Number of protein chains: 2
Amino acid sequence: MQMTPMIESFVYHFGEMGSRWGFNRTVGQIYALLVISEQPVCANEIAELLGISRGNVSMGLKELGSWQLVQVSHKPGERREFYHSRGSIWDMANRVFEERRKREMDPTLSLLRDIMMDEAANQEEAYAQKRIAEIHDLLENITEWTQSLQSLSPEKLNTLMKLGSGVGKVLEFTDKFLGKKDPAKQA
Amino acid sequence: MQMTPMIESFVYHFGEMGSRWGFNRTVGQIYALLVISEQPVCANEIAELLGISRGNVSMGLKELGSWQLVQVSHKPGERREFYHSRGSIWDMANRVFEERRKREMDPTLSLLRDIMMDEAANQEEAYAQKRIAEIHDLLENITEWTQSLQSLSPEKLNTLMKLGSGVGKVLEFTDKFLGKKDPAKQA
DNA sequence: TTATTGTTTCAGAAATTTCTGAAAGTTCAG
DNA sequence: CTGAACTTTCAGAAATTTCTGAAACAATAA
């Protein structure tokens, strides 16, 4: 593996972006490297290519492992481990969604639910509860929905993605198809 | 506005969550406060209720303003400004999506596109480009798709959300409806 | 067992992000 | 113009996150 300018810019940028998506810079860089390398890479080489400490690489790989995004392999006669990205880009996106849901949505939903169960002590709290219920419902919808997307087969997902703004049309169609359930009243 | 334990737990939690969604703790707390307060609140009161500095409040409100999430109002005869959350929870979610897209997706897409235009210098770069193209296509799909969701009316969005795992069924249906276009080949 | 080659851990260092508060800026009534 | 009431700015302080590297640990061959 060689760090050409092209590869470097990709890896660094992915590192920056990574920190937005729930993992730190190093983790992002390591993953980027593993994704674009056709050959599995060993930990020392990662540290060297990225110019970071060996310990940092170890922690990054551990994190990626917990996300099930790396595959470990061995070369015959060698003791050290070689790492490679695992699964498709789709899989990776799914992992990110799932991880974020677990870390961000679930605890929030649980807190909001607790608050909704409480008795409002006064008018102010009653209003607050109303708003909190709205937020809860929205987050719950988003959560359930992304989960149902994740359970779709990649082909179906792709169809859905390619549909793009066609989603609107499909919905009009769906309204007739599922119309008897009167979705508006479920709001 | 009174800081009861209920309101406090909501505001603090929202602050923590906020930092995951692209704004810092203070911004999250301020927004939470404005959302659950029926009455507009002035900057000094925000600082007092949250126990943070007046300057910090000013910066937070400025940030929220740039996201178009606050409404400024005045009381007759008073010079100071009163702040209130603006738009529905849906609107707020949309702003967050849009803001994140602008900050995270667009620059990345642009970088990936640049890399895809470059001439691969060797076999390694050629492989890297192939992978980068995959990532680009995925991100572009997600971006376009969320944009098309954002342009849907709230009612339609709600229908779609409530559909949940029904999305699979709709797709089967869609396959027949749009089948002539053979979505599989667009992959 | 010991030497070798590799990985992991974690305390403290470094870097980054966020917050404070005093000073500067703004607006308006008189 | 002046002063009162309010807001914004920004340099440095504080808090938080991330990274390093040396020491501990693990696995294997001889």
Side-chain angles (χ1 to χ4, degrees), chain A residues 11-34 40-67 70-84 99-100 103-104, chain B residues 11-12 14-34 40-67 70-84 100 103-104:
Chain A
V11 166
Y12 282 112
H13 186 94
F14 208 88
E16 299 309 319
M17 191 176 91
S19 69
R20 306 274 185 164
W21 281 91
F23 40 87
N24 69 30
R25 179 147 38 101
T26 309
V27 171
Q29 289 179 354
I30 295 176
Y31 187 69
L33 204 60
L34 297 184
V41 191
C42 74
N44 270 320
E45 193 178 352
I46 295 174
E48 220 170 281
L49 289 170
L50 298 179
I52 60 179
S53 76
R54 189 61 190 69
N56 202 2
V57 170
S58 176
M59 288 190 295
L61 287 170
K62 191 181 170 190
E63 174 86 2
L64 285 171
S66 80
W67 289 37
V70 283
Q71 185 134 39
V72 182
S73 60
H74 291 268
K75 288 191 184 172
E78 296 231 32
R79 201 178 308 159
R80 64 198 161 146
E81 302 180 305
F82 289 83
Y83 302 90
H84 198 223
E99 199 66 25
R100 288 174 67 90
R103 290 185 189 175
E104 298 158 22
Chain B
V11 166
Y12 282 112
F14 208 88
E16 301 307 321
M17 191 176 93
S19 68
R20 306 275 186 164
W21 281 90
F23 39 87
N24 69 28
R25 180 147 38 100
T26 308
V27 171
Q29 289 179 353
I30 295 176
Y31 187 69
L33 205 60
L34 297 184
V41 192
C42 74
N44 270 321
E45 193 177 352
I46 294 174
E48 219 170 282
L49 289 170
L50 298 179
I52 60 179
S53 76
R54 186 62 189 69
N56 202 2
V57 171
S58 177
M59 288 191 294
L61 287 171
K62 189 181 170 191
E63 174 85 3
L64 285 171
S66 80
W67 287 38
V70 283
Q71 186 135 37
V72 182
S73 59
H74 291 269
K75 288 192 184 171
E78 297 230 31
R79 199 176 309 156
R80 64 196 161 147
E81 301 181 306
F82 289 82
Y83 302 91
H84 198 224
R100 288 173 67 89
R103 290 185 188 176
E104 298 158 22

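These figures come from a predicted structure and were not determined experimentally. Just so it is clear: chains get the letters A, B, ... in the order the sequence lines come, proteins before strands, and each one is counted from 1.
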- prompt: Closest heavy-atom contact between B:Leu61 and B:Val70?
  reply: O-CG2, 4.3 Å

query: Please give, in whole Å, the distance from D:dC6 C1' to B:His74 NE2?
result: 11 Å

message: From C-beta outward on B:Met59, which listed nucleotide comes closest to its side chain: C:dT20, D:dT20, C:dT7?
response: C:dT20

- prompt: Quick one: does A:Arg103's side chain have a donor or acceptor within less than 3.5 Å of a partner on A:Gly22's backbone?
  reply: yes

- request: Test B:Tyr31 against B:Leu64 for side-chain contact (heavy atoms from CB on, under 4.5 Å), laying out the working first.
  value: CA-CA 8 Å; B:Tyr31 187 69; B:Leu64 285 171; 4.0 Å; yes

field: Whole-Å distance separating the CG atom of B:Leu61 from the P atom of C:dC19
entry: 13 Å

- prompt: Of the candidate nucleotides C:dT20, C:dT7, D:dC19, which contains the atom at the shortest distance from the side chain of B:Asn56?
  reply: C:dT20

- prompt: For B:Asn24 and C:dT17, what is the distance between atoms CG and C1' respectively, to the nearest whole Å?
  reply: 9 Å

Heavy-atom side-chain contact between A:Gln71 and A:Tyr83 under 4.5 Å: no

statement: Separation of D:dT9 atom P from B:Glu63 atom CD, nearest Å, is 13 Å

field: Nucleotide D:dC6, atom P - distance to CD1 of B:Ile46 in whole Å
entry: 14 Å

- prompt: If you check the B:Arg79 side chain, which of C:dT5, D:dC19, D:dC6 turns out closest?
  reply: D:dC6

query: Once you round it to whole Å, what is the distance between P of C:dT18 and NZ of B:Lys62?
result: 15 Å

- request: Carefully, step by step, assess B:Arg54 and B:Asn44 under the rule side-chain contact (heavy atoms from CB on, under 4.5 Å).
  value: CA-CA 7 Å; B:Arg54 186 62 189 69; B:Asn44 270 321; 3.2 Å; yes

field: Closest-nucleotide 5' rank along DNA chain C - winner of B:Val27 and A:Ser58
entry: A:Ser58

Centroid-centroid distance, A:Trp67 to A:Phe23, less than 6.0 Å: yes

- prompt: For the helix from C:dT1-D:dA30 to C:dG30-D:dC1, what is the angle between the axes at its two ends, each from 5 pairs, rounded to 10°?
  reply: 10°

task: Mind checking A:Arg80 for me? I need base, sugar-phosphate or nothing, with any heavy atom below 4.0 Å counting as a touch.
output: sugar-phosphate

- prompt: So, is A:Thr26 near the phosphate of D:dC19, with a side-chain N or O under 4.0 Å from OP1 or OP2?
  reply: yes

statement: With the side chain defined as heavy atoms from C-beta on, A:Tyr83 is closest, among C:dC19, D:dT7, C:dT8, to C:dT8

- request: Working to the nearest 0.5 Å, report the span between CD of B:Gln29 and CG of B:Asn56.
  value: 9.0 Å

Separation of D:dT16 P from A:Arg25 CZ (nearest whole Å): 20 Å

- request: Specify the separation, in whole Å, of atom CZ of B:Arg54 and atom P of C:dG21.
  value: 13 Å

